[in-house]
Q: 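Dumping the structure here so I can ask a few things about it.
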2 protein chains.
Amino acid sequence: MTRASPFRQRGSMRGQSLAERVYATLKQMIFDFELLPGDYFSEAEVAERTGASRTPVREALHRLRREGYVEVHFRSGWQVVPFDFDVFEQLYDVRIVLECAAVERLCAMSEPPPMLQALRDIWCVPGQARSFDPAMAEQDKAFHTALVTASGNQEMARIHRDVSERIHIIRRLDFTQATRIEATYDEHAVILEALARRRTAHAQQLLSAHIALSRNEVRKITLHMLHEARSRHAQGPPEA
Amino acid sequence: MTRASPFRQRGSMRGQSLAERVYATLKQMIFDFELLPGDYFSEAEVAERTGASRTPVREALHRLRREGYVEVHFRSGWQVVPFDFDVFEQLYDVRIVLECAAVERLCAMSEPPPMLQALRDIWCVPGQARSFDPAMAEQDKAFHTALVTASGNQEMARIHRDVSERIHIIRRLDFTQATRIEATYDEHAVILEALARRRTAHAQQLLSAHIALSRNEVRKITLHMLHEARSRHAQGPPEA
DNA sequence: ATATATCGACTTGTATACAAGACGGTATTG
DNA sequence: CAATACCGTCTTGTATACAAGTCGATATAT
């Protein structure tokens with residue numbers, strides 16, 4: 001079988017391996033609903049699509065499997081893990097636990113980290129200065145990730161990053177409504193206020209409510225979006 | 001190259017793949033200090049030792065890499081990640097955060113889960129009924145894992161299990177002293193008491209102190225044990 | 001003697017060949 | 001016609017071949 005669209009780098013690899021790029025490509029396809037939850041596909045299909053051989057494809061797939069995005073059926077192909085809202089809600093709750101712990105540490109610090117002011121510059125702004133582009137989801141993710149990273153425990157930050165990445169696929173859907181974006185700005189602002197004043201319990205309560213609200217909103221939207229995606233793309237799995 | 005000691009199953013694989021067994025074997029070797037932190041080794045060596053080819057070996061190694069046990073140097077071999085006590089302490093702190101969150105949920109439940117009584121049967125026993133075998137570390141791990149699992153959030157339980165597994169290599173060292181085993185029994189007992197009486201804050205405080213104590217004890221012991229291991233095994237990496 | 005250039009053994013990354021089981025369609029048998 | 005056995009196709013798991021780069025030892029030049 002000849003390589004289809006060999007997006008291999010010339011010379012050699014420039015920092016990232018072929019397996020890593022296949023990994024990123026596949027995850028992007030899942031996030032873009034180009035591969036729908038429940039879809040079946042084979043390693044050979046992915047190899048042909050990406051222009052790589054099965055070896056790096058398998059490495060990428062097994063990594064995605066460990067991370068919960070796909071699963072393998074013994075000698076019967078791969079499948080995008082179907083949505084399980086219970087799992088997503090549990091992951092939201094993990095976020096609440098980790099981020100509240102981060103808040104406790106942040107408030108206990110002798111001096112507030114400079115990162116806090118940087119966040120205030122972004123989020124504590126009047127209505128006309130607010131951004132509404134589709135990259136809002138990334139900014140929101142960056143906000144919460146920054147809180148945990150600044151708390152000082154890098155292992156906790158790594159775990160939190162993985163959890164955030166995992167629910168990013170549905171969290172994005174929360175930023176398609178203008179009212180939800182407004183609410184995000186408002187809530188981030190008051191959280192940062194409470195943090196600046198070292199009101200630990202208050203900040204934790206605001207943060208918990210903020211995440212829980214997002215969790216509940218997303219559940220409603222996801223079903224709708226999934227339905228739309230199923231209509232746009234035909235039912236054929238990876239061959240768009 | 002012919003297979004050395006092919007511990008491959010006859011017929012076919014009975015549930016677990018070759019890659020998984022190589023993974024388990026390597027992790028065991030690391031836990032047994034047969035592969036010491038800092039040791040260098042190659043895929044070919046592991047393949048010869050385990051009787052598998054490089055393919056499943058690579059899969060096992062990359063999984064261990066994702067989990068933080070080994071790292072790969074581009075075309076220069078693999079290395080057991082050297083001990084980093086800062087990382088271990090951070091992981092201990094993650095355990096405190098997760099297990100305290102579990103306690104909060106357990107105390108908030110309308111009725112205590114039956115697992116609580118099972119744990120009391122094990123840990124709330126008089127001195128002569130206590131076990132002192134080397135499997136204590138596993139029992140201790142099971143205690144803490146059970147708390148988080150019983151709290152209901154399975155994703156949190158999975159993360160907690162990974163963290164516990166990661167620090168298990170040094171946590172075992174805490175159970176080589178009889179006084180530490182005694183303390184573990186005592187502390188588990190009072191934690192279970194507080195849980196049964198739904199004293200949330202008290203149980204959290206006891207649990208935090210219990211984990212923090214273990215964290216501090218282990219740091220002291222680890223250096224000693226590492227020194228001993230280095231003396232027993234020669235300096236040659238995997239070829240014992 | 002010392003510094004440098006070159007070469008070769010060894011490493012991982014990737015591609016391909018082979019093995020063994022799953023699954024569905026088809027032919028066969030009642 | 002219905003049920004069943006069989007066989008070919010397709011799948012992943014594993015082994016091996018090839019590619020490209022690293023690193024140290026050795027020889028050479030200054």
Side-chain angles (χ1 to χ4, degrees), chain A residues 1-26 39-66 70-80 236-239, chain B residues 1-26 35 39-66 70-81 236-239:
Chain A
M1 178 200 311
T2 59
R3 299 276 71 78
S5 60
F7 69 160
R8 162 187 292 129
Q9 291 152 325
R10 36 233 158 270
S12 69
M13 43 190 173
R14 197 168 47 230
Q16 65 180 358
S17 69
L18 196 48
E20 280 178 272
R21 269 179 314 151
V22 172
Y23 165 82
T25 300
L26 279 171
D39 274 354
Y40 286 89
F41 61 95
S42 73
E43 297 173 359
E45 290 178 73
V46 177
E48 191 174 12
R49 241 180 118 77
T50 60
S53 76
R54 273 184 60 215
T55 303
V57 166
R58 278 176 58 79
E59 192 171 320
L61 283 172
H62 277 101
R63 180 171 167 193
L64 288 167
R65 179 173 71 96
R66 285 288 304 168
V70 300
E71 59 190 15
V72 59
H73 301 276
F74 184 65
R75 262 156 208 178
S76 300
W78 292 78
Q79 182 184 25
V80 181
E239 312 296 329
Chain B
M1 181 199 311
T2 58
R3 299 278 68 79
S5 60
F7 71 158
R8 162 187 294 129
Q9 290 149 326
R10 38 230 157 269
S12 69
M13 44 189 174
R14 199 169 46 231
Q16 63 179 357
S17 68
L18 195 49
E20 281 177 88
R21 281 202 324 254
V22 172
Y23 165 83
T25 299
L26 280 171
L35 278 173
D39 273 354
Y40 286 89
F41 61 96
S42 73
E43 297 173 0
E45 290 178 72
V46 177
E48 191 174 11
R49 238 178 122 76
T50 60
S53 75
R54 274 185 59 214
T55 304
V57 166
R58 278 176 59 79
E59 192 172 319
L61 282 173
H62 276 101
R63 180 171 166 194
L64 287 167
R65 179 174 71 97
R66 285 289 302 168
V70 301
E71 58 190 17
V72 58
H73 302 275
F74 184 65
R75 256 151 215 183
S76 300
W78 292 79
Q79 182 183 25
V80 181
V81 170
E239 311 296 330

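The chains referred to below are lettered A, B, ... by the order of the sequence lines, with proteins before strands, and numbering in each begins at 1.
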Q: Specify the residue among A:Trp78 and B:Pro56 whose closest nucleotide of DNA chain D lies further upstream toward the 5′ end.
A: A:Trp78

Q: So does A:Arg75 reach the base of D:dT11 with its side chain, donor to acceptor, closer than 3.5 Å?
A: no

Q: May I ask you to test the B:Val72-B:Arg65 pair for a side-chain heavy-atom distance under 4.5 Å?
A: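 In contact.
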
Q: In this structure, how many angstroms lie between the C1' atom of C:dA22 and the OH atom of A:Tyr40, rounded?
A: 13 Å

Q: Side-chain N or O of B:Ser53 less than 4.0 angstrom from OP1 or OP2 on D:dA15?
A: yes

Q: Taking for each residue the nucleotide of DNA chain C bearing the nearest heavy atom, is the 5' side occupied by A:Thr55 or by B:Glu43?
A: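 Checking each residue's closest nucleotide, the 5'-ward one belongs to B:Glu43.
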
Q: Can you figure out which of D:dT14, C:dT14, D:dA15 approaches the side chain of A:Ala19 most closely?
A: C:dT14

Q: Given atom NE2 of B:His62 and atom C1' of C:dT12, what is their separation to the nearest angstrom?
A: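 Taking atom C1' of C:dT12 as the reference, NE2 of B:His62 is at 8 Å.
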
Q: What is the distance, to the nearest angstrom, from the CD atom on A:Gln79 to the P atom on D:dC10?
A: 21 Å

Q: With a 4.5 Å limit on heavy-atom distance, are the side chains of B:Tyr23 and B:Leu61 in contact?
A: no

Q: If only side-chain N and O atoms of A:Ser42 are considered, is one of them under 4.0 Å from the OP1 or OP2 phosphate oxygen of D:dT11?
A: yes

Q: For A:His62 and A:Trp78, take the angle between the two ring planes, folded into 0 to 90°, and tell me which bin it lands in: parallel under 30, tilted 30 to 60, perpendicular over 60.
A: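 It falls in the perpendicular class, over 60°.
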
Q: Is the phosphate of D:dT12, meaning OP1 or OP2, less than 4.0 Å from a side-chain N or O of A:Arg58?
A: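 For D:dT12, neither OP1 nor OP2 has a side-chain N or O of A:Arg58 closer than 4.0 Å.
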
Q: Whole angstrom is fine here: how far is it from CG in B:Leu18 over to P in C:dA19?
A: 16 Å

Q: Between B:Ala47 and B:Arg54, what is the shortest heavy-atom contact and its length?
A: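 Reported closest heavy-atom pair: CB-N, 4.3 Å.
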
Q: Does C:dG13 have its OP1 or OP2 closer than 4.0 Å to a side-chain nitrogen or oxygen of A:Ser17?
A: no

Q: Figure out the CG/C1' separation between B:Leu61 and C:dT11, and round it to whole Å.
A: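 Rounding to the nearest Å, CG of B:Leu61 and C1' of C:dT11 are 13 Å apart.
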
Q: In whole Å, what is the span from the CD atom of B:Glu59 to the C1' atom of D:dT12?
A: 11 Å

Q: State which of C:dT12, D:dC23, C:dA15 makes the closest approach to the side chain of B:Ser76.
A: D:dC23

Q: Without decimals, in angstroms, what is the distance between A:Arg54 CZ and C:dA19 C1'?
A: 12 Å

Q: Give me the atom names and distance for the closest heavy-atom approach of B:Ala60 to B:Ala19.
A: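 Looking at all heavy atoms of both residues, the shortest contact is CB-O, 3.6 Å.
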
Q: Rounded off to whole Å, could you give me the CD-to-C1' distance for the A:Gln16 and C:dT14 pair?
A: 16 Å

